[in-house]
4 protein chains.
Amino acid sequence: MFFASDNWAGAHPAINERLSRESARFAAAYGTSDLDKAVEARFNEIFGREVSVYFVSTGTAANSLSLASVARIGGVVFSHSEAHVIEDECGAPDFFSNMRMVPVDGENGKMDPANLASGIAGFPQDSLHHGRAAAVTLTQATESGTIYTLDEIETLSTIAKANGLPVHMDGARFANALVALGTTPAEMTWKRGVDILSFGGTKNGCWCAEAIVFFNPELAKDFAFIRKRAAQLFSKTRFISAQFEAYLQDDLWLGMARHANTMADRLRAGIRSLNSTRLAWDTTSNEVFAVLNKASAEAAQARGAKFYDWPAPHAMPEPVKDDEMLIRLVTSFATTEDDIDQFLSICKAG
Amino acid sequence: MFFASDNWAGAHPAINERLSRESARFAAAYGTSDLDKAVEARFNEIFGREVSVYFVSTGTAANSLSLASVARIGGVVFSHSEAHVIEDECGAPDFFSNMRMVPVDGENGKMDPANLASGIAGFPQDSLHHGRAAAVTLTQATESGTIYTLDEIETLSTIAKANGLPVHMDGARFANALVALGTTPAEMTWKRGVDILSFGGTKNGCWCAEAIVFFNPELAKDFAFIRKRAAQLFSKTRFISAQFEAYLQDDLWLGMARHANTMADRLRAGIRSLNSTRLAWDTTSNEVFAVLNKASAEAAQARGAKFYDWPAPHAMPEPVKDDEMLIRLVTSFATTEDDIDQFLSICKAG
Amino acid sequence: MFFASDNWAGAHPAINERLSRESARFAAAYGTSDLDKAVEARFNEIFGREVSVYFVSTGTAANSLSLASVARIGGVVFSHSEAHVIEDECGAPDFFSNMRMVPVDGENGKMDPANLASGIAGFPQDSLHHGRAAAVTLTQATESGTIYTLDEIETLSTIAKANGLPVHMDGARFANALVALGTTPAEMTWKRGVDILSFGGTKNGCWCAEAIVFFNPELAKDFAFIRKRAAQLFSKTRFISAQFEAYLQDDLWLGMARHANTMADRLRAGIRSLNSTRLAWDTTSNEVFAVLNKASAEAAQARGAKFYDWPAPHAMPEPVKDDEMLIRLVTSFATTEDDIDQFLSICKAG
Amino acid sequence: MFFASDNWAGAHPAINERLSRESARFAAAYGTSDLDKAVEARFNEIFGREVSVYFVSTGTAANSLSLASVARIGGVVFSHSEAHVIEDECGAPDFFSNMRMVPVDGENGKMDPANLASGIAGFPQDSLHHGRAAAVTLTQATESGTIYTLDEIETLSTIAKANGLPVHMDGARFANALVALGTTPAEMTWKRGVDILSFGGTKNGCWCAEAIVFFNPELAKDFAFIRKRAAQLFSKTRFISAQFEAYLQDDLWLGMARHANTMADRLRAGIRSLNSTRLAWDTTSNEVFAVLNKASAEAAQARGAKFYDWPAPHAMPEPVKDDEMLIRLVTSFATTEDDIDQFLSICKAG
């Protein structure tokens, strides 16, 4: 019953097997091997266009260096007020980009378009004292487990573009959003105005595989240097490439995400069906936010279930009562039906 | 015949096997799992004292963040003029530490003590305009394939300490140096005045495993934040821990380094024995610098041998002639006797 | 009728005269002359204790380097949401300190203590992902023209201290606040828990004279280097010292601030007395925020009056109507009664 | 006998008088007043073309921000090994530009063209690991008191341009070089390939007046933000403008520089004529490097003469003997014939 985070899961056997194979051979270092090139080319197919791809070690690096690539002196970056870049990365995006993250409020973990527009309006391009708008970053799926529709992405990126701003997508849970929407990588990104993508593999069955995908090659022109100076160029880059090769082969990545989402659906259905539990709000990705009575929550924990308490956001359909607890449950490629059912049965008993 | 670098090798089967095992389970993220703690404790045993250990993704990160941990405003860091930190990391050490790397000359890739002393003397602690000495970093084994003796390390660290400066060791090839000297990790580091160590596993049979070891815990007090803000805290840190667990178990790491050094010995002996080749200078680690006649070198390359041309350093026992080529050959845990013998036989024929 | 800002005024004749005198002689550079030392010592008297003083060129530098002196990796700084450091300095405080400015709301331009406490609580010292509290900065007088009482300062600094945080005061209008409160420099700063002060002279009759005053000498130990590396060490520092000497002599600085405040009082009284104008909110410093009908405002501008439109804050006693305009009027040592009376008479006619 | 540095002098009466006049009036802040614009336009005339001009507070700021304006990730900047940017600014150029200063040797304080070319060749544009060439900066007059001829400037800038690199000139003593060469500002800068100039007024009779002049407007496009974020935008910028207005009026600046050079000529002639003193090497600016017997030097100091000991450079026509001392003597607009003659007479007696 490991629901603390999808990054508590291990790695998929197919990925593991591919790594084993890679470990037996020699190849050129620093991302220059044939495998590296082949996997980079694979991203072109995935996204239906020529892209520039750079591998890095962590999601923090993916987001921070993406923003560094569009850095402007005195620039500010707009993100949802609960986004990872502003809440959970110890200031790394500010450090690498030398820009401030500016929060944009919005319900359900999504930036409200009107708020984004007025936020940007507060930082005009000649705003020497206050600072100037430099980029917009959105998280798909969001930190609240919700997913931007294609129209919502386009609405936000249209606002950004009208102001000359590049759009970054934090796709730490890209695959989960993709299969939930039933769309294509192209539709969810560059066809909707996204310029740079943090394409996460780690939370979805890899052990360390994050890619920065540039749809606008102009933005990538200095990126090799940005990555190297940021200490993110692996000598054995091909071990990341190997993970991605397996990840992208035969739609493994989509299958894993679909499995995680399906497990979350099972969890959501179960929680809805019990008297002692309810969904804190609707989600469609592999994250479930539930309100449990404390007895149930503690019983589950006593039986080994792992999950995090979660701070109640400002607006919730129904507030958390004193004898209740708001928790986050995250499923992954490795979650089983048994995990779910055992958890639900504890809750039912509690 | 992959002699280009030890980072062209893959990963040792035992490490690979340990990763496979790790991939099958769930565990706490961000370096907080039981495995992470057990492996950290293992470093205490290896070094014969309590140490603070932090894993990072690359050697560049290990060096840069080590130096960042002792950063002083207006500080400068002394390294050999051919050291990785000053030559090969795209300014990452300067970027993360906000200090300038100052070169110290010395023969055989080693800082000359007198040069270090006079270098430090040029940057007194109250030197507001010129800058002030902040740290000394030495590379063991050196970039030239040579190895500091224990006395040489102590001599340099004594100079540093007399000036109140912490000493960092870039141990990208720590194990190779260790087995060549036949000494212990403690003797080669903190017992000789080293305060911080970049402990490299990647070049010696891991695929991505670098550790920063603090012998002086005071220097580590902010390091968790330094690492996180530098985007170097892996969610699945335990996959690095797993590599190190296997690496350190039953002296696997020493065995791999010993193998690499032995292969280098075989190469050195062969090169010495041929008329058409000679050693450019003496080395005792897994790096061999050889002068070949161009015909031999090209014949070897034509047959698939991989190695790099190398720029001739200022001082060489015997200069490189026009029809000769100075090359670097690096062996690793994965190098075989056959690789060596095949290469030598091509040279002999050439 | 120059009410745009107190930094539109020139320099007081006594300061000018002292600069003239200084220009005729030679003296040691980089802040090491007898004059520099004498003026530094003068700050000890002004503040009734031994202090460390460093001159810099701008208020932006004073604030940014003050915060840089207490920088922590992954740290955040709490300021009022309308403070200069977060609103008007192009990210300079973030740039020099490598920390993020975190807004704290509060009425009348003052941080609300409960908001500060809860803000700090959100960034505990071991908060690796979210970041950790590192400092509190408050502006005296505030950007809204209001002034923290001594008790209010103490309340905020007590919260900061309870969390181990240093307190910085942005005193760009320090003198105006001081005379308005009728207290002493010591009472308004270190006796109320302030550790570092940006002591501004430029807005109050100097042409370029800003000092950073450290009450806690421990915090200043690296500051000479911080200032030099920030390009803020003047070769002819003594011209700043000379300004401060004249500024502090015979209470000139207090006289100038008192004059500015008195002119603001006259303005406030006049605005209160007219039907077509009202005070947007109460202020006690040399800043006046007024609501004029647009006709009056335009008439005044047509006659040469200089002032800025001001964005309406969230909460105002009475909202600004469509035919009205919220403006800021700032008085200075150089404002005359005639300026005031002429402006009021235009408003009355408008 | 103040020969320690030209920054020990005060300010010229005409500049002082202009400042006095400025202090009596109100004007728009932050460099937007009519005076600011007029003085900026004046630079167009001085340089015979349209230029972009930005005032900053110190020479360190002028150099650091000039280099920041051409910053490239992983870039390095080439300067003479004794240049201010690498020797005397506490790492400020590295800090603001995030680039490393790379020393280029050359006699007489001038970069040797062959050394510059080979230095640049070591940092090709695709040099991901080692770093890439980003700019060349030369000092006119040099730190050794010598002056690049127009041809020498062109030779260096041609090398830079052939490699696509912008050229910066540190003109802390621009006027002294200009009058020594008897040329025009245009000839000594953009007509010889200089793209950005630190135009110093402080050492030549202003008290705080440094300008960054962009001949290539493309390089200035973000500069307003660079300056503001660097805390270098003065609210009362017009006091710098006022200094420059007086400085540039009726060739005051050239007159002051000519006077300083003439005083240095007198000093040089006197030193050459004495038995107990000699010139350490030839100079043509307002800096004189002399070798005195220690008795003379001490006698002069005892009588109040101010000058600095100077470290002997690697190559000198005649080495400094044990009973001798190498000193630097700097003249300024305020040096008198009496100062010189008194000093020489002490030396003669000594």
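When reading the values below, keep in mind they use all heavy atoms of this one structure, side chains included, and skip hydrogens, waters and symmetry mates. Chain identifiers are assigned alphabetically (A, B, ...) following the order of the sequence lines, protein sequences preceding nucleic acid strands; residue numbering begins at 1 within each chain.
Contacts of A/S5 with chain B are absent, with no heavy-atom separation under 4.5 Å from either backbone or side chain. With a threshold of 4.5 angstrom between heavy atoms, A/L233 approaches chain B through N, CA, C or O but not through any side-chain atom. Residue contact with chain A, scored on non-hydrogen atoms closer than 4.5 Å, is absent for B/S33. With a threshold of 4.5 angstrom between heavy atoms, B/T202 approaches chain A through its backbone and through its side chain. Looking at A/A28, the atoms closer than 4.5 Å to chain B (heavy atoms on both sides) sit in the backbone and in the side chain alike.
Across A/A24, A/P93, A/A334, A/P13, the residue that shares the most heavy-atom pairs under 4.5 angstrom with chain B is A/A334. For the options B/H12, B/E210, B/R238, heavy-atom pairs under 4.5 Å to chain A are most numerous at B/R238.
Within the model, atoms CD1 of B/I15 and CG of A/L19 stand 13.0 Å from one another, a figure rounded to the nearest 0.5 Å. Residue B/F239 holds its CZ atom at 7.5 Å from CG of A/N16, rounded to the nearest 0.5 Å.
Scanning both residues, A/S20 and B/S20, for their nearest heavy atoms gives OG-OG, 3.9 Å. Shown here for A/K228 and B/E89, the closest heavy-atom pair between the two residues is CE-CA, 4.0 Å. The minimum heavy-atom distance linking B/Q243 with A/W207 is given by the pair NE2-CZ2, 3.7 Å. Closest approach of B/K236 and A/G205 over heavy atoms only: NZ-N, 4.4 Å. Shown here for A/F96 and B/A230, the closest heavy-atom pair between the two residues is CZ-O, 3.5 Å.
Counting non-hydrogen atoms of other residues, nucleotides and ligands closer than 6.0 Å to CG of A/D341 gives a total above 12. Around the CZ atom of B/R303, the shell of radius 6.0 Å holds no more than 12 heavy atoms that belong to other residues, nucleotides or ligands.
For A/R25 (side chain) and B/A9 (main-chain N/O), no donor-acceptor pair under 3.5 Å exists by modelled atom type. Judged purely by atom type and a 3.5 angstrom limit, B/Q232 uses its side chain to pair as donor or acceptor with the backbone of A/A231.
The stretch residues 60-71 of chain A places A/T60, A/A61 near chain B, each with some heavy atom under 4.5 Å from a heavy atom of that chain.
The ring pair (Phe, Tyr, Trp, His ring centres under 6.0 Å) with B/F26 is formed by just one residue from the set A/F2, A/F333, A/F3, A/W8; it is A/F2.
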